[in-house]
There are 2 protein chains.
Amino acid sequence: MTDRQKMFMQFIDKFIRDNGYSPSVREIAKGMGVSSTASVKNMLDRLEQSGALKRTGNIARSLETPSVGIPVLGRIKAGVPVTSEENVEGYIRLDKPIGDNHFFLRVDGESMRDKAILDGDCVLIKMTNHIKHGQIGAFRLNGEVTLKTFEMTTAGIFLMPANADFAPIPVGEYDEFQVIGTVKMVIRALEGGYDIEPA
Amino acid sequence: MTDRQKMFMQFIDKFIRDNGYSPSVREIAKGMGVSSTASVKNMLDRLEQSGALKRTGNIARSLETPSVGIPVLGRIKAGVPVTSEENVEGYIRLDKPIGDNHFFLRVDGESMRDKAILDGDCVLIKMTNHIKHGQIGAFRLNGEVTLKTFEMTTAGIFLMPANADFAPIPVGEYDEFQVIGTVKMVIRALEGGYDIEPA
DNA sequence: TCCATGTGCGAACGCCTGTTCGCCTATGGG
DNA sequence: CCCATAGGCGAACAGGCGTTCGCACATGGA
């Protein structure tokens, strides 16, 4: 994406945030200081083609910046990529300064109880390979997805539960191991105070 | 709001969720099974007047269902109503099936640690006088606001911490005591993963 | 009985808005 | 030099869209 294209995106984004509806072609032209609607259409066509923008043909103010519903992944099936459609159990809509390298994971089990993350909570995962000693993250170990504290010591890598009922998991040289990402937020619903959109 | 008006709101709401932009007057007419755009405008005028809907005059598809910024209350000052402006430290924007009898409270202290609610978490409070034995709620006791589990026994009312370092608090007959509301959701940000709008 | 309120009809007006067409300029490989 | 790519101009078209006007018909309280 060129600098010019980024400027258009920023304008559209801000307009939608400020007004709650998307700008018209002419409003974009005015805001960006070009005089022809054709120039704007040109730009929108390219932005849409690159996937930065979503439009619905011939419909007024139907511009969308695609990025609001963050998927909530439930029990992760073995053998498929984590973010596979099959694992999506719903969506949580977020105000969007968040990238598409994020998803929510519904916590299964009590192994992180003492870090105040309970069975059924939703944790926001930022997908990344960079994780530091002591950070909580999501990992894939021999096909199983798990939420643990990451510890890297002279004895090797350990995935630490936060619950005395569970044992630390050493990551062996020949284990299939992958850092899925780090935990950025925890959301817990109590007594039906909160909905996720159905998948 | 009449039943008919609720149906219109539901339609508009769903349309926006599904399409990302608001319906036109004619689309509403079609969707609601009325044949005149004037009827729809009539309805929209009333919905707007009652505050259920926001519009921008003469602008296509500018319908908004006011998405509410729920205030986040920080340290509650003594002597002022809980929801007083002075206590607001920011806002969290929620998709709106939530009433204005809700607010977020930023948790101060570790007294609910064993219920997985930590210092600095944001809890969504539904303001109500109705609370059941065993529910977590926010209370005002002799001017202090506190988050505890509510217990009602033959020995009286107790506010129970979830942390062995804190003692149960009996509510005496002459205490100034008020149930502020019940906890509906817990949100925790880790490592800057999440922003609240400034107040 | 009278009147306010909620809901509806159909037609017409006029601005709003996305699209199209043809043409132009600058930049940077090959 | 040729050409692809990014960006832009101005005019015109056709359908989208909110608004207005005048009228109609129930319901329910005064």
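By convention in this document, chain letters (A, B, ...) are assigned in the order of the sequence lines, proteins followed by strands, and residues within each chain are numbered from 1. All values below were derived from every heavy atom in this structure, side-chain atoms included, with hydrogens, water molecules and symmetry-related copies excluded. What you see is a predicted model, and the numbers here were worked out from it, not measured in a lab.
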Q.
Between P on C:dT7 and CE on B:Met7, what's the gap in Å once rounded to a whole number?
A. 11 Å

Q) Would A:Ser111 and A:Lys148 count as a side chain to side chain donor-acceptor pair (under 3.5 Å) if you check the C-alpha gap in whole Å, the side-chain angles of each, and the deciding distance to 0.1 Å? A) CA-CA 8 Å; A:Ser111 73; A:Lys148 293 285 183 296; 3.3 Å; yes

(Q) If you count heavy atoms of other groups shown closer than 6.0 angstrom to NZ of A:Lys126, is the number above 12? (A) no

Q: With heavy atoms under 4.0 Å as the rule, sort B:Ala60 into base, sugar-phosphate or nothing.
A: sugar-phosphate

Q. Looking at the side chain of B:Val34, which of C:dC9, C:dT17, D:dG8 is the nearest nucleotide?
A. C:dC9

**Q.** Whichever of B:Arg26 and B:Asp3 has its nearest DNA chain C nucleotide further upstream toward 5'
**A.** B:Asp3

Q | Nucleotide C:dG10, atom C1' - distance to NZ of B:Lys30 in whole Å | A | 18 Å

Q.
Donor-acceptor check, side chain of A:Gln5 to backbone of A:Thr2, threshold 3.5 angstrom: yes or no?
A. yes

Q.
Heavy-atom nearest nucleotide on DNA chain D for A:Arg46 versus A:Ser36: which residue maps closer to 5'?
A. A:Arg46

**Q.** Shared hydrophobic cluster for B:Leu44 and B:Phe11 (ILVMFWY, side-chain gaps under 4.5 Å)
**A.** yes

Q. If you check every side-chain atom of A:Ile59, which of C:dT7, D:dC17, C:dC9 has the closest atom?
A. D:dC17

Q: Look only at the side chain of B:Arg106 and the backbone of B:Gly120, and say whether a donor-acceptor pair between them is shorter than 3.5 Å.
A: yes

Q. Within the pair B:Ser39 and C:dC9, is there a side-chain N or O less than 4.0 Å away from OP1 or OP2?
A. yes

Q.
Can you tell me which nucleotide in D:dC9, C:dG18, C:dG10 comes closest to the side chain of B:Ser35?
A. C:dG10

Q) Can you find a side chain N or O atom of B:Lys41 that sits less than 4.0 Å from OP1 or OP2 on D:dG18? A) no

Q. Taking atom P of D:dC17 as reference, at what distance in whole Å does atom OH of A:Tyr21 sit?
A. 15 Å

Q. Distance check: side-chain N/O of A:Thr2 vs OP1/OP2 of D:dG7, anything under 4.0 Å?
A. yes

Q | Separation of atom CE in A:Met32 from atom P in D:dG7, rounded to whole Å | A | 10 Å

Q: Take the protein atom CG of A:Asn42 and the nucleotide atom P of D:dA6, then report the distance between them rounded to whole Å.
A: 10 Å

Q | Distance in angstrom units between B:Leu44 CG and C:dT7 P, rounded | A | 12 Å

Q: Tell whether B:Thr37 reaches the base of D:dT19 with its side chain through a donor-acceptor pair below 3.5 angstrom.
A: yes

(Q) On the nucleotide C:dT19, are OP1 or OP2 found under 4.0 Å from the side-chain N or O atoms that A:Asn58 carries? (A) yes

(Q) By nearest atom, which of the nucleotides C:dG8, D:dC21, C:dA12 is closest to the B:Arg4 side chain? (A) C:dG8

**Q.** N or O in side chain of B:Arg55 less than 4.0 angstrom from D:dT19 OP1/OP2
**A.** yes

Q | Separation of C:dT17 P from A:Ile28 CD1 (nearest whole Å) | A | 11 Å

Q.
Output the rounded distance in Å from CG (A:Asp45) to C1' (C:dT19).
A. 9 Å

Q. Taking only side-chain nitrogens and oxygens of A:Arg61, does any of them come within less than 4.0 Å of OP1 or OP2 of D:dG18?
A. no

Q: Would you please classify the geometry between the B:Phe15 ring and the B:Tyr21 ring as parallel, tilted or perpendicular, with 30° and 60° separating the classes?
A: perpendicular

